[in-house]
**Q** 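Could you have a look at this structure, given as C-alpha cells, before my questions?
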Amino acid sequence: MTSSNNTTSKLDYSLVFILILLFLASCISIYSAQASGQYAGNFLIKQIINYVIGCVIIAVVIRLDSDQLKKLTWYAYGAGIFLLILLIIAPESIAPVKNGAKNWFQIPGFGSLQPSEFVKIFIILALARTIEDHHQKNPVKTLSTDFWLLIKLGLVTMAPLALIIKQDLGTSLVFLAIMLGMIFISGITWKLLVPIFTAGTALISVIFYFVLVKPELLEKYLGVRQYQFSRIYSWLDPYNFQSSAGYQLTRSLLAIGSGQTGGKGYGNREVYLPESHTDFIFSVVGEEFGFIGASVLVSLFFLLIYHITKVGMETKNNFYTYICVGIISMITFHVFQNIGMTIGVLPITGIPLPFISYGGSSLMGNMLGIGLIFSIRYHYKKYMFSTSA
C-alpha cells in the first residue's frame with residue numbers, strides 16, 4: 001500500500017520546522033557578528049544564498065531511494081577521493097593556501113569550495129554500504145567476520161583521512177567520529193572493540209604526553225604542525241598565551257561569561273572576537289542572549305539529533321539506519337567540539353557550528369546529510385506498510 005503521490009504529503013514537516021528555526025538562529029547570529037567589521041561584505045545575504053542552494057540539494061537528494069543511493073555510493077566516494085587528491089596537486093591559483101592549509105578550491109564567481117565537507121557524507125554512505133553488504137554476505141557472525149568488517153570500515157575511512165590529516169586536523173577528527181559511531185552500530189562484538197579502544201585510548205594518552213614533553217618528535221615523525229601544538233598549549237593555559245594563540249579563547253570566554261544569564265541584548269556586543277561569524281558564532285549567542293539563549297540553541301540541536309534518531313529507529317531498512325547513525329555522529333561531534341572549544345573545555349580545531357556558522361561548503365555538506373534524512377522519511381512514508389521501508 002502506498003501513500004498519495006502528492007510530494008508535500010511525504011515531506012518530514014517536523015524536520016522542516018527544525019531547519020527553519022536553525023536558519024533563523026543562523027541569520028540572527030551572523031547579522032550581529034558581521035557588525036564587528038573584521039571583514040568586508042554582507043555575510044547574512046551570502047548565508048541566505050547558501051541555505052537556498054542547500055534546499056536545492058535537499059530537493060534533489062530527497063528523490064533518491066535506497067537502491068539508488070546504494071548504486072551512487074561508491075561513485076560519490078570515488079569522486080570525493082579524486083577531489084581531495086586534486087586539491088593536493090592543484091596549483092595555488094586554483095587551491096590557495098589559507099592559514100597554512102590547502103583545503104579549498106577557489107572558484108571564480110562562486111567563492112571557495114571545501115571538498116572535505118562533502119566527503120563526510122560520502123564516507124557515511126560508503127560505511128553504511130560496507131556494513132550492509134558485509135552482513136548480507138556473512139549472515140552468521142563470528143569473531144573472524146567481525147574483525148574483517150572492522151578492517152573494511154577502517155580502510156574506507158583511512159583513505160580520505162590520509163589525504164587531509166596534515167592539512168585539516170579538525171575535519172580528520174570528524175571522519176574518525178563518524179567511523180566510531182558506525183562501528184558501534186555495526187554489530188561488531190565487544191570482544192574486539194574493548195581491547196582495540198583501550199589500545200587507542202592508551203595511544204592518544206602517549207601522543208598527548210609527547211605533545212607536552214617531546215613535541216619535536218611528533219613534528220618530525222607525524223608531520224604535526226607548530227600551530228597545532230600552540231592550540232593545545234593555549235587550551236591548557238589560555239591566559240598565558242592571550243596575546244597569541246590563546247587570544248580567541250580568552251576573548252570567547254570573556255564574551256560568553258559577560259553574557260551571564262539573560263545576555264546583553266541583541267546587537268549590544270562589547271567584546272571584539274575574530275572569526276565571530278564562523279567558528280566562534282556560539283560566543284556571539286552567549287554574549288547577546290546569555291545562558292538562556294545559548295541553552296535554547298543547544299536544545300535545537302538536541303531536538304534535531306532526537307528527530308534523526310527517531311527516523312533511524314522507525315525505518316526497517318538497515319542501510320537507512322546506518323546512514324542516520326553516521327549523520328548523528330557527524331552533527332553531534334561538530335556541536336560538542338565547536339561549543340566545547342568556545343568555552344575552553346576542548347582545544348580549538350576550527351570546526352564550525354552546524355547550520356549556524358557562516359560557510360557555504362559546511363552548510364551545503366550538512367544540508368546534503370539532512371537531504372538523506374528527508375529521503376528516508378519520503379520513501380518510508382511511501383512504503384510505510386512494507387517490510388522494506
**Q** Using a 3.5 Å distance criterion without hydrogens, assess whether the side chain of Thr321 forms a donor-acceptor pair with backbone atoms of Gly312.
**A**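 Flag set: sc Thr321 to bb Gly312 pair under 3.5 Å.
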**Q** Does His277 offer a backbone N or O that forms a donor-acceptor pair with the side chain of Gln34 under 3.5 Å?
**A**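 No, the answer is negative, given that no donor and acceptor are paired below the 3.5 Å cut-off.
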**Q** Determine the minimum heavy-atom distance between Asn338 and Asp279, stating which atoms define it.
**A**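 The answer is ND2-O, 2.9 Å.
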**Q** Is there a continuous path of hydrophobic side-chain contacts, each under 4.5 Å between heavy atoms, that joins Val285 to Ile292?
**A**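 Val285 does not cluster with Ile292.
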**Q** Can you check whether Leu15 reaches Leu304 side chain to side chain, under 4.5 Å on heavy atoms?
**A**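 Yes, their side chains come closer than 4.5 Å.
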**Q** Indicate yes or no: at least one non-hydrogen side-chain atom of Ile28 is less than 4.5 angstrom from one of Phe289.
**A**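 Yes - at least one pair of side-chain heavy atoms lies under 4.5 Å apart.
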**Q** Give the intermediate values and the outcome of side chain to side chain donor-acceptor pair (under 3.5 Å) for residues Asn366 and His334.
**A** CA-CA 11 Å; Asn366 287 323; His334 264 270; 5.3 Å; no
**Q** With a 4.5 Å cut-off on side-chain heavy atoms, are Met367 and Phe355 touching?
**A**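 Yes; the side chains approach each other to less than 4.5 Å.
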**Q** Quick one: pull up CD1 in Ile327 and CD1 in Ile376 and give me the separation to the nearest 0.5 Å.
**A**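 Reported value, rounded in 0.5 Å steps: 6.5 Å.
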**Q** Should side-chain heavy atoms under 4.5 Å link Ile, Leu, Val, Met, Phe, Trp and Tyr, which residues sit in the same cluster as Val271?
**A**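 Grouped by the 4.5 Å side-chain rule, Leu254 form the rest of the cluster around Val271.
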**Q** Within the side chain of Ser375, is there an N or O that forms a donor-acceptor pair under 3.5 Å with the backbone of Arg63?
**A**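 Not a single qualifying donor-acceptor pair exists.
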**Q** Within the distance-only criterion (no hydrogens, no angle test), does the side chain of Lys191 pair as donor or acceptor with the backbone N or O of Leu143 below 3.5 angstrom?
**A**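 Absent.
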**Q** Hey, quick one: are Tyr75 and Ile124 part of the same hydrophobic cluster, counting side-chain heavy atoms closer than 4.5 Å, chains of contacts allowed?
**A**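 Different clusters: Tyr75 never reaches Ile124 through Ile, Leu, Val, Met, Phe, Trp or Tyr contacts under 4.5 Å.
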**Q** Between Arg269 and Ser276, is there a side-chain heavy-atom distance shorter than 4.5 Å?
**A**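 Yes, at least one pair of side-chain atoms sits under 4.5 Å.
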**Q** Give the minimum heavy-atom separation between Val194 and Thr198, together with the two atoms involved.
**A**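 Result for this residue pair: O-OG1, 2.6 Å.
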**Q** Counting heavy atoms not belonging to Trp74, are there more than 12 under 6.0 Å from its CH2?
**A**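 Yes, because the 6.0 Å sphere around CH2 of Trp74 holds more than 12 heavy atoms from other groups.
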**Q** Say you draw a straight line from CG of Leu173 to CD1 of Ile351; how long is it, rounded to the nearest 0.5 Å?
**A**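 Between atom CG of Leu173 and atom CD1 of Ile351 there are 6.0 Å.
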**Q** Taking C-beta and beyond as the side chain, do Ile58 and Ile370 meet within less than 4.5 Å on heavy atoms?
**A**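 Sidechains of Ile370 and Ile58: in contact.
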**Q** Do the side chains of Glu314 and Arg377 get close enough for a salt bridge, i.e. N-O under 4.0 angstrom?
**A**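 Salt bridge: yes.
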**Q** Enter the distance from Leu153:CG to Ile178:CD1 here, rounded to the nearest 0.5 Å.
**A**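 One finds 12.5 Å between CG of Leu153 and CD1 of Ile178.
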**Q** Under a 4.5 Å side-chain heavy-atom rule over Ile, Leu, Val, Met, Phe, Trp and Tyr, are Met313 and Phe374 clustered together?
**A**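 As far as the 4.5 Å side-chain criterion goes, Phe374 and Met313 are not connected within one cluster.
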**Q** Has Asn50 got a side-chain atom pairing as donor or acceptor with Leu363's backbone, closer than 3.5 angstrom?
**A**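 Answer holds: no.
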**Q** Using salt bridge (charged side-chain N to carboxylate O under 4.0 Å, His left out) as the criterion, list what pairs up with Asp133, not counting sequence neighbours.
**A**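 Arg129.
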**Q** Answer yes or no: is there a donor N or O on one side and an acceptor on the other, between the side chain of Ser357 and the main chain of Pro352, under 3.5 Å?
**A**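 The answer is no, because no donor-acceptor pair under 3.5 Å joins these two groups.
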**Q** Can you hop from Ile20 to Tyr306 via hydrophobic side chains spaced under 4.5 Å?
**A**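 No, no single cluster joins them.
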**Q** Dump the intermediate steps for side chain to side chain contact (heavy atoms under 4.5 Å, CB included) on Ile185 and Tyr322, then the final yes or no.
**A** CA-CA 7 Å; Ile185 198 65; Tyr322 302 143; 4.0 Å; yes
**Q** Are any of the side-chain heavy atoms of Gln68 and Thr73 separated by less than 4.5 Å?
**A**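 No, their side chains stay 4.5 Å or more apart.
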**Q** Looking only at non-hydrogen atoms, find the nearest pair between Ile196 and Leu150 and report the distance.
**A**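 Closest approach of Ile196 to Leu150, heavy atoms only: CD1-CD2, 3.0 Å.
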**Q** Other residues, nucleotides and ligands only: do more than 12 of their heavy atoms fall within 6.0 Å of OH on Tyr247?
**A**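 Buried by this count: over 12 neighbours within 6.0 Å.
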**Q** What's the spacing between Leu22 CG and Leu297 CG if we round to 0.5 Å?
**A**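 One gets 7.5 Å once the value is rounded to the nearest 0.5 Å.
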**Q** Look at the side chain of Tyr358 and the backbone N and O of Ser26, then say whether any donor-acceptor pair between them is shorter than 3.5 Å.
**A**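 Checked: no pair found.
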**Q** Should we count CZ of Phe17 as having more than 12 external heavy atoms under 6.0 Å?
**A**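 No, CZ of Phe17 has 12 or fewer neighbouring heavy atoms, counting only those of other groups under 6.0 Å.
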**Q** Does the Lys NZ or Arg CZ of Lys120 fall within the cation-pi geometry relative to Phe175 - under 6.0 Å from the ring centre and within 45° of the axis?
**A**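 Judged by the rule, Lys120 and Phe175 form no cation-pi pair.
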**Q** Less than 3.5 Å apart, any donor N or O on the side chain of Gln337 or Thr349 sitting next to an acceptor on the other?
**A**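 Yes, a side-chain donor-acceptor pair sits under 3.5 Å.
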**Q** Taking Thr332 for the side chain and Ser329 for the main chain, is one N or O donor matched with an acceptor at less than 3.5 Å?
**A**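 Side chain of Thr332 to backbone of Ser329: no pair is present.
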**Q** Write down the atom of Ser66, the atom of Tyr320, and the distance for their closest heavy-atom approach.
**A**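 Closest pair (atom of Ser66, atom of Tyr320, distance): N-OH, 2.9 Å.
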**Q** Under 3.5 Å, is there a donor on one side chain and an acceptor on the other for Asn317 and His379?
**A**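 Per modelled atom types, Asn317 and His379 side chains form no pair under 3.5 Å.
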**Q** Report, as yes or no, whether the 6.0 Å neighbourhood of atom OH on Tyr266 holds more than 12 heavy atoms from other residues, nucleotides or ligands.
**A**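 Counting other residues, nucleotides and ligands, OH of Tyr266 exceeds 12 neighbours.
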**Q** Heavy atoms, side chains only, cut-off 4.5 Å: are Pro354 and Val335 in contact?
**A**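 With C-beta onward as the side chain, the pair touches.
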**Q** Distance-only, no hydrogens or angles: does the Ser252 side chain make a donor-acceptor pair with backbone N or O of Gln248 under 3.5 Å?
**A**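 A pair under 3.5 Å: no.
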**Q** Under 6.0 Å from the CZ atom of Phe23, do we count more than 12 heavy atoms belonging to anything else shown?
**A**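 Yes.
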**Q** Counting the benzene-type ring for Trp, do Trp190 and Phe184 have ring centres under 6.0 Å apart?
**A**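 Close enough - the centres of the two rings lie under 6.0 Å apart.
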**Q** Grab the two heavy atoms, one from Ile183 and one from Leu193, that are nearest each other, plus how far apart they are.
**A**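 Smallest interatomic distance, heavy atoms only, reads CG2-CD2, 3.5 Å.
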**Q** Hey, are the side chains of Phe147 and Thr142 touching, using non-hydrogen atoms and a 4.5 Å cut-off?
**A**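 Counting from C-beta outward, Phe147 and Thr142 never come under 4.5 Å.
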**Q** Assigning hydrophobic clusters by single linkage (Ile, Leu, Val, Met, Phe, Trp, Tyr; side-chain heavy-atom cutoff under 4.5 Å), is Phe291 placed with Phe280?
**A**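 Not linked; separate clusters.
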**Q** So, for Leu83 and Pro115, which heavy atoms are closest and what is the spacing to 0.1 Å?
**A**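 Looking at all heavy atoms of both residues, the shortest contact is CB-CB, 4.0 Å.
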**Q** Under a 3.5 Å cutoff, is there a donor and acceptor pairing between the side chains of Gln114 and Ser362?
**A**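 There is no such pair (donor and acceptor under 3.5 Å, judged by atom type) between the side chains of Gln114 and Ser362.
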**Q** Any luck finding a side-chain donor-acceptor pair between Lys141 and Thr189 under 3.5 Å?
**A**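 There is no such pair between these side chains.
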**Q** For Lys70 and Glu132, what are the C-alpha separation, side-chain angles and deciding distance, and is it a salt bridge (charged side-chain N to carboxylate O under 4.0 Å, His left out)?
**A** CA-CA 10 Å; Lys70 287 181 181 180; Glu132 173 82 351; 3.3 Å; yes
**Q** One pair to check against side chain to side chain contact (heavy atoms under 4.5 Å, CB included): Phe301 and Leu353. What are the steps and the verdict?
**A** CA-CA 10 Å; Phe301 284 114; Leu353 190 60; 3.9 Å; yes
**Q** Yes or no on side chain to side chain contact (heavy atoms under 4.5 Å, CB included) for Lys264 and Glu287, after CA distance, side-chain angles and deciding distance?
**A** CA-CA 6 Å; Lys264 299 174 181 176; Glu287 183 178 3; 2.8 Å; yes
**Q** In Å, rounded to the nearest 0.5 Å, how long is the span from CD1 of Ile356 to SG of Cys27?
**A**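 If we round to the nearest 0.5 Å, Ile356:CD1 and Cys27:SG are 9.0 Å apart.
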**Q** If the test is side chain to side chain contact (heavy atoms under 4.5 Å, CB included), which one of Val311, Ile121, Ile62, Leu64 qualifies with Leu372?
**A**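 Filter result, single survivor: Ile121.
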**Q** Once ring-ring contact (aromatic ring centres under 6.0 Å, His included) is applied, what residue pairs with a partner in residues 111-136 remain, sequence neighbours excluded?
**A**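 Pairs touching residues 111-136 that pass the test: none.
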**Q** Donor-acceptor pair, distance only, cut-off 3.5 Å: does the side chain of Thr278 make one with the backbone of Glu275?
**A**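 Between the backbone of Glu275 and the side chain of Thr278 there is a qualifying donor-acceptor contact (under 3.5 Å).
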**Q** Would you compute the distance between atom CD of Gln136 and atom CZ of Phe319 and round it to the nearest 0.5 angstrom?
**A**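 Here the interatomic distance stands at 10.5 Å.
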